[in-house]
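The next block holds one structure in the form of C-alpha cells; read it before the comments.
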Amino acid sequence: MNASPHTSRSDPLFGNAEFEAIKEGAFFVNVSRGKTVNTDALTAALTRGQLSGAGLDVTDPEPLPADHPLRSMANVVITPHIAGLSEHNRDRAIELVRANVLRFIENEPLLNVVDKSLGY
C-alpha cells in the first residue's frame, strides 16, 4: 500500500526496481498521489504478472486517459480519488477543529500541523 505524500523525494517512489522487489503475486494499492508511482512501471509489473492486481485511487496522469492499458485490466480497480471519503469525515474534521481551538486557547501544540520544509 502506498499512502505517502508527494514530495521531491517521492517522485516517483515506486518504479521498476521497487515493483521487481515486491513479492511476486502481491497486490498494490495506491491511495497517495499519482506522481509517487511510475505508471509505466506499474503497468509493466501487472502485465508480466509480478503483481496480481492493483487498486488505484490516484494515477499519473490524473485522470488516466480512457485508452490507457490499466483501464482494460480485469485485475485493476480504479476509483476517482475518493478513497479518503467516508460517512465520518465531517465529524472527524469538526472534532479536529474543536481540539485545535482548545489547544490554541491553552497555548498547546496544534494537531496535524503542516511542516512546509518537508512539503506535507
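Side chains included, hydrogens not; waters and symmetry mates left out as well; all remaining heavy atoms used.
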Could you give the distance from [atom1] ([X]) to [atom2] ([Y]), rounded to the nearest 0.5 Å?
{"X": "Leu64", "Y": "Arg71", "atom1": "CG", "atom2": "CZ", "result": "5.0 Å"}
{"X": "Glu20", "Y": "Leu51", "atom1": "CD", "atom2": "CG", "result": "10.5 Å"}
{"X": "Leu56", "Y": "His81", "atom1": "CG", "atom2": "NE2", "result": "12.0 Å"}
{"X": "Arg90", "Y": "Leu85", "atom1": "CZ", "atom2": "CG", "result": "10.5 Å"}

Please report the closest heavy-atom contact between [X] and [Y], naming both atoms and the distance.
{"X": "Gly15", "Y": "Ala41", "value": "C-CB, 3.6 Å"}
{"X": "Thr39", "Y": "Leu70", "value": "CG2-CD1, 3.8 Å"}
{"X": "Asn38", "Y": "Phe19", "value": "O-CE1, 4.3 Å"}
{"X": "Leu42", "Y": "Phe28", "value": "CD1-CD2, 4.0 Å"}
{"X": "Val31", "Y": "Ala83", "value": "CG1-CB, 3.8 Å"}
{"X": "Asn75", "Y": "Ser52", "value": "ND2-O, 3.0 Å"}

So, does [X] use its side chain to make a donor-acceptor pair with the main chain of [Y] at under 3.5 Å?
{"X": "Asn89", "Y": "Ser86", "answer": "yes"}
{"X": "Asn100", "Y": "Leu110", "answer": "no"}
{"X": "Thr36", "Y": "Ser10", "answer": "no"}
{"X": "Arg103", "Y": "Leu111", "answer": "no"}
{"X": "Asp57", "Y": "Asn30", "answer": "no"}

Under a 4.5 Å side-chain heavy-atom rule over Ile, Leu, Val, Met, Phe, Trp and Tyr, are [X] and [Y] clustered together?
{"X": "Val37", "Y": "Ile22", "answer": "yes"}
{"X": "Val58", "Y": "Leu46", "answer": "no"}
{"X": "Ile105", "Y": "Val97", "answer": "yes"}

**Asked** Would you say Asp60 and Arg33 make side-chain contact, with heavy atoms under 4.5 Å?
**Response**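 They are not in contact (no side-chain heavy atoms under 4.5 Å apart), so the answer is no.
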**Message:** Leu102 vs Arg98, test: side-chain contact (heavy atoms from CB on, under 4.5 Å). Steps then yes/no.
**Reply:** CA-CA 6 Å; Leu102 292 174; Arg98 186 194 70 74; 2.8 Å; yes
**Request:** Would you indicate whether Arg92, at its atom CZ, is surrounded by more than 12 heavy atoms from other residues, nucleotides or ligands within a distance under 6.0 Å?
**Result:** yes
